[in-house]
Amino acid sequence: MGGEQGRRAAAGLGQRRRRRQRVRRLQRRAGRGRPWPPKWKTWHNDAVRQYRKGIRFNSWSNTWFNAPIHFWPAESGRAFKVGDKSAKVPPFLLVQSTLDAATPYPGGEQMRKLFPTARLIAEEGGKTHSNTLNGNACLDDRVAAYLNAGTLPARKPGRGADVTCQADPRLNDPNPYQLKAATAAKGKDVLIGRP
């Protein structure tokens with residue numbers, strides 16, 4: 001290559017090199033106190049570790065879903081601080097299943113800790129995060145009381161749940177259509193609320 005064509009090729013290489021350097025610089029900066037690790041190896045090792053621990057529902061799919069963030073050539077913002085130590089947020093209700101793979105139970109306890117006005121209902125043995133107003137009387141009655149009148153259970157001391165409801169095995173079946181097909185009215189394919 002010679003002349004003009006050679007200069008363009010060299011300029012193109014220089015632009016690509018500068019872009020790669022900028023991305024690396026942004027990734028290093030993003031790793032300081034930010035939620036996304038800058039090294040792909042960290043992402044990979046985290047997914048492998050989760051998968052080996054038995055967290056198979058979202059370990060790899062979540063990694064690949066969020067992978068574009070690793071390669072974005074944009075500066076990340078500061079991590080959003082969550083919590084209300086001053087207790088200015090009005091009281092609210094949290095409902096968390098203990099075996100939901102997509103939203104692990106410790107996240108519910110952590111959210112309760114961050115908000116001193118929150119109340120946590122744990123569904124012991126529950127496997128879904130769409131666990132309310134679907135037929136579990138223990139959950140449904142408390143959620144309905146909160147929605148209707150703002151009624152909340154008393155807050156217990158410590159990190160655990162304020163109320164624990166047992167999961168209804170029929171609602172946690174691996175085949176939810178089996179229950180719905182057996183109990184739904186003709187022409188209706190989704191049950192809402194308790195029968």
Side-chain angles (χ1 to χ4, degrees), residues 34-36 46 50 53-66 69 76-195:
R34 303 299 197 307
W36 297 103
D46 285 349
Q50 289 178 341
K53 283 173 93 175
I55 305 171
R56 297 199 164 114
F57 176 71
N58 251 353
S59 58
W60 282 108
S61 59
N62 195 44
T63 300
W64 289 115
F65 179 79
N66 291 294
I69 293 168
S76 65
R78 294 220 175 261
F80 182 75
K81 290 185 181 183
V82 176
D84 180 37
K85 292 181 182 175
S86 63
K88 290 181 181 177
V89 172
F92 63 95
L93 184 64
L94 301 164
V95 181
Q96 182 77 40
S97 293
T98 60
L99 299 178
D100 181 9
T103 58
Y105 180 72
E109 289 182 331
Q110 181 65 22
M111 188 64 72
R112 179 187 180 274
K113 178 183 173 185
L114 292 171
F115 290 92
T117 59
R119 307 302 192 282
L120 175 62
I121 300 175
E123 184 188 30
E124 187 68 41
K127 301 174 187 173
T128 179
H129 52 271
S130 57
N131 56 356
T132 60
L133 305 177
N134 69 0
N136 184 330
C138 180
L139 290 174
D140 292 353
D141 291 347
R142 287 173 172 80
V143 170
Y146 173 69
L147 294 174
N148 286 331
T151 305
L152 290 165
R155 186 170 167 106
K156 292 182 178 177
R159 278 187 55 99
D162 300 299
V163 173
T164 300
C165 295
Q166 293 303 310
D168 183 335
R170 298 173 306 143
L171 302 171
N172 279 281
D173 188 279
N175 182 1
Y177 299 105
Q178 183 179 2
L179 174 66
K180 291 177 181 177
T183 59
K186 204 170 190 91
K188 187 175 182 186
D189 58 357
V190 177
L191 282 179
I192 298 176
R194 287 190 284 134

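- Here the side chain of T98 pairs a donor or acceptor atom with the backbone of G125 at under 3.5 angstrom.
- Distance alone, capped at 3.5 Å, places no donor-acceptor pair between the R119 side chain and the L152 backbone.
- Judged as a salt bridge (charged side-chain N to carboxylate O under 4.0 Å, His left out), and not counting sequence neighbours, the contacts of D46 are R49.
- Applying the side-chain hydrogen bond (donor to acceptor under 3.5 Å, both in side chains) test to every pair with at least one member in residues 144-165, sequence neighbours left out, gives these pairs: R112-D162.
- The shortest non-hydrogen separation linking G126 to A167 is N-CB, 3.4 Å.
- Taking all atoms of both residues into account, the shortest heavy-atom contact from D84 to P116 is O-CD, 3.0 Å.
- To the nearest 0.5 Å, atom CZ of residue F92 and atom CG of residue L120 are 10.0 Å apart.
- Contact check for D100 versus T128: no side-chain heavy atoms found under the 4.5 Å cut-off.
- Across every non-hydrogen atom of P90 and T117, the tightest pair is O-OG1, 3.5 Å.
- No donor-acceptor distance shorter than 3.5 angstrom exists from the side chain of D168 to the backbone of N136, with no hydrogens or angles considered.
- Contact check for T132 versus R142: no side-chain heavy atoms found under the 4.5 Å cut-off.
- Atoms NZ and CZ, on K88 and F115 in that order, are 13.5 Å from each other to the nearest 0.5 Å.
- Smallest separation of non-hydrogen atoms from L94 and A118: CD1-CB, 3.9 Å.
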Verdict with reasoning, V163 to I121, per side chain to side chain contact (heavy atoms under 4.5 Å, CB included): CA-CA 5 Å; V163 173; I121 300 175; 4.2 Å; yes

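- Taking each heavy atom of E123 and S97 in turn, the nearest pair found is OE1-OG, 2.7 Å.
- The shortest heavy-atom contact between Q96 and N131 is C-ND2, 4.1 Å.
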